[in-house]
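Start at 1 and go down the list; that is how both ligands and their atoms are numbered. Positions are given from 1, in the same order as the sequence printed here.
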Amino acid sequence: MPDAKGTEGPDTVLVGVTGGIAAYKSCEIIRSMVKEGLDVHAVMTRNAQEFITPLTLQVLSGNPVWTETFHLTQEQEIGHISLVDRSSLFLIAPATANVLGKVAAGIADDLLTTMVCAATKIPVVFAPSMNVNMYQNPITQENIKRLKGLGYVFIEPEEGDLACGYQGVGRLADPQEIVEHVLSRLEPKDLQNERILVTAGPTEEAIDPVRFLTNPSSGKMGYAIARAAAQRGAQVTLISGPTACTPPLDVTLVRVRSAEEMRKAVMKAFPKSTTVIMAAAVSDFSPASRAKQKVKKQDASLTVKLKTTPDILFELGQKKQDRLLIGFAAETQSLVKNAKEKVEKKNLDLIVANDVSRKEIGFQSDSNQVKLIGPDGKVSELPFLPKRILAHRVLDQIEILRSRPGKKGRR
Ligand code: CTP
């Protein structure tokens with residue numbers, strides 16, 4: 001099974017579940033991690049098993065769940081220490097006041113705390129969840145401070161309604177944010193010298209206040225690239241047309257509507273960028289004029305006069321200097337020929353060529369199959385991949401492009 005980049009084996013992640021009401025949220029965390037291609041192994045305390053069963057986590061993780069220190073079969077198969085050794089990260093979610101206290105004091109009196117005690121070479125991440133008074137108790141706060149000082153990582157709990165009926169800090173951080181945090185920690189920070197400008201989604205060109213021209217782009221590809229780049233340490237600005245995508249963590253998001261607005265936002269962010277990836281499906285046409293009021297049916301002529309929009313990527317190609325410029329080509333015919341022409345015309349370092357006539361790939365789908373084409377005309381075909389993995393493959397090209405003779409980044 002490919003890892004997040006679709007190249008090597010998956011990262012193994014340990015998820016420790018302790019006995020709080022938020023234990024049920026570990027189901028969602030584990031499910032999402034598995035969906036992201038991680039090899040997840042759950043470890044549960046006895047108290048956690050009062051809230052959810054090992055069977056639930058076993059089914060969701062696809063791996064046996066660890067519960068007992070002195071369990072003959074579990075120990076015979078792997079051994080808890082070697083499982084820690086081959087893991088890349090240990091997440092404890094939810095982490096109760098009790099487990100924080102035990103780890104801070106060096107106590108290892110059950111399987112979970114024993115494994116945490118052995119996890120000295122990998123990041124250990126706590127996502128606490130408890131009653132607000134327990135959280136604010138000076139002993140808990142002292143324990144957290146001590147653990148942070150020792151290099152343990154915390155995903156802070158949220159403020160709000162707590163399951164115990166109280167209001168305040170203590171609610172487990174959003175499960176999806178916890179997963180994003182973990183993914184981010186697992187990625188090598190190979191893009192930390194890059195400032196990447198990504199565009200995504202369609203544009204909308206208004207005919208009147210209630211009607212517009214657009215296209216079926218979902219924005220998924222551009223958002224996946226922005227998310228993956230941020231996870232790999234890049235500073236990312238994402239300029240997005242209207243989409244339903246969730247904004248990625250640690251990304252500066254600029255929302256725009258029309259091609260003209262996208263152009264303005266891109267030109268503003270461009271000077272500071274080292275790499276630009278234009279994944280947006282910018283509308284090529286917009287109505288020649290926009291009616292101020294809704295056009296009434298009886299007044300409408302059945303013809304909308306169009307004008308062409310600015311070709312943003314072409315303009316960037318004229319002033320790119322040392323920046324890397326990566327475009328996308330959406331084609332319904334002569335994919336390679338048309339994409340090659342775009343590389344030349346727009347002065348690109350790479351184009352990601354996309355056959356949008358194929359229903360199973362392209363605009364709305366979660367996966368895609370593309371060809372990468374550079375100025376030398378060399379075509380490399382990537383396999384059918386989920387867009388989140390494809391995003392990493394496109395980003396892998398940055399280092400390759402930078403290593404070409406005479407090509408240096410503006411750092
Ligand atoms: N692009 C752009 N500005 C436009 C149109 C496209 O910056 N007004 C960018 C897209 O973001 C993409 C690349 O140019 O990275 C190619 O877009 P595509 O729609 O495939 O090609 P076009 O240049 O629009 O040409 P055509 O529609 O004739 O194929």
Participant: Relative to the heavy atoms of Gly327, which atoms of ligand 1 are at a distance of less than 4.0 Å?
Facilitator: 15 (O)
Participant: Compute the shortest N/O to N/O distance between Lys342 and ligand 1 and return yes if it is under 3.5 Å, no if not.
Facilitator: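 Yes - when backbone and side-chain N and O of Lys342 are compared with those of ligand 1, one distance drops under 3.5 Å.
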Participant: Atoms of ligand 1 less than 4.0 Å from Ala330 heavy atoms?
Facilitator: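 So the answer, numbered in order with elements, is 20 (O).
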Participant: Looking only at atom types and distance, does a side-chain atom of Ser87 sit under 3.5 Å from a main-chain N or O of Val13, one as donor and one as acceptor?
Facilitator: no
Participant: Quick test of your reading of the model: are Arg232 and Asp190 salt-bridged, counting only N-O distances below 4.0 Å?
Facilitator: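 Answer for the salt bridge query: yes.
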Participant: Show which atoms of ligand 1 fall inside a sub-4.0 Å distance from at least one heavy-atom site of Thr309.
Facilitator: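 Once the distances to Thr309 are compared, the set is 8 (N).
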Participant: At a 4.0 Å threshold, what atoms of ligand 1 neighbour a non-hydrogen atom of Pro310?
Facilitator: 3 (N), 4 (C), 8 (N)
Participant: How far is atom 12 (C) of ligand 1 from its nearest protein heavy atom, and which residue and atom name does that atom have?
Facilitator: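 The closest one turns out to be Phe328 O, 3.0 Å.
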Participant: How far is atom 7 (O) of ligand 1 from its nearest protein heavy atom, and which residue and atom is that?
Facilitator: Leu313 N, 2.8 Å
Participant: When you check the gap from the basic side-chain N to the acidic O, do Arg263 and Glu260 get nearer than 4.0 Å?
Facilitator: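 A salt bridge is present here (some side-chain N lies under 4.0 Å from a carboxylate O).
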Participant: Salt bridge between Lys337 and Glu341, side-chain N to carboxylate O under 4.0 Å?
Facilitator: yes
Participant: Check each atom of ligand 1 against the heavy atoms of Ala329 and keep those under 4.0 Å away; list them by number with element.
Facilitator: 20 (O)
Participant: At a 4.0 Å threshold, what atoms of ligand 1 neighbour a non-hydrogen atom of Lys346?
Facilitator: 1 (N), 6 (C), 9 (C), 13 (C), 14 (O), 16 (C), 22 (P), 23 (O)
Participant: In the protein, what heavy atom is nearest to atom 28 (O) of ligand 1, and what distance, to one decimal place, separates them?
Facilitator: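 Going atom by atom, the protein heavy atom closest to atom 28 (O) of ligand 1 ends up being Asp284 OD2, 4.7 Å.
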Participant: Number the atoms of ligand 1 from 1 as they appear, then name those within less than 4.0 Å of a heavy atom of Ala280, with their elements.
Facilitator: 10 (C), 11 (O)
Participant: Can a donor-acceptor pair be found, under 3.5 Å and without considering hydrogens, that links the side chain of Lys320 to the backbone of Asn347?
Facilitator: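 Yes; at least one donor-acceptor contact below 3.5 Å.
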Participant: Got a salt bridge between Asp311 and Lys346, using NZ or NE/NH1/NH2 to carboxylate O under 4.0 Å?
Facilitator: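 Yes, this pair counts.
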Participant: Tell me which protein heavy atom sits closest to atom 3 (N) of ligand 1, plus the residue, atom name and distance to 0.1 Å.
Facilitator: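 Checking every protein heavy atom, the shortest distance to atom 3 (N) of ligand 1 gives Ile312 N, 3.1 Å.
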Participant: Once you round to the nearest 0.5 Å, how far does CE of Met221 lie from CG of Leu390?
Facilitator: 4.0 Å
Participant: Work out which heavy atom in Thr203 is nearest to a heavy atom in Ser283; give both atom names and the distance.
Facilitator: OG1-N, 3.0 Å
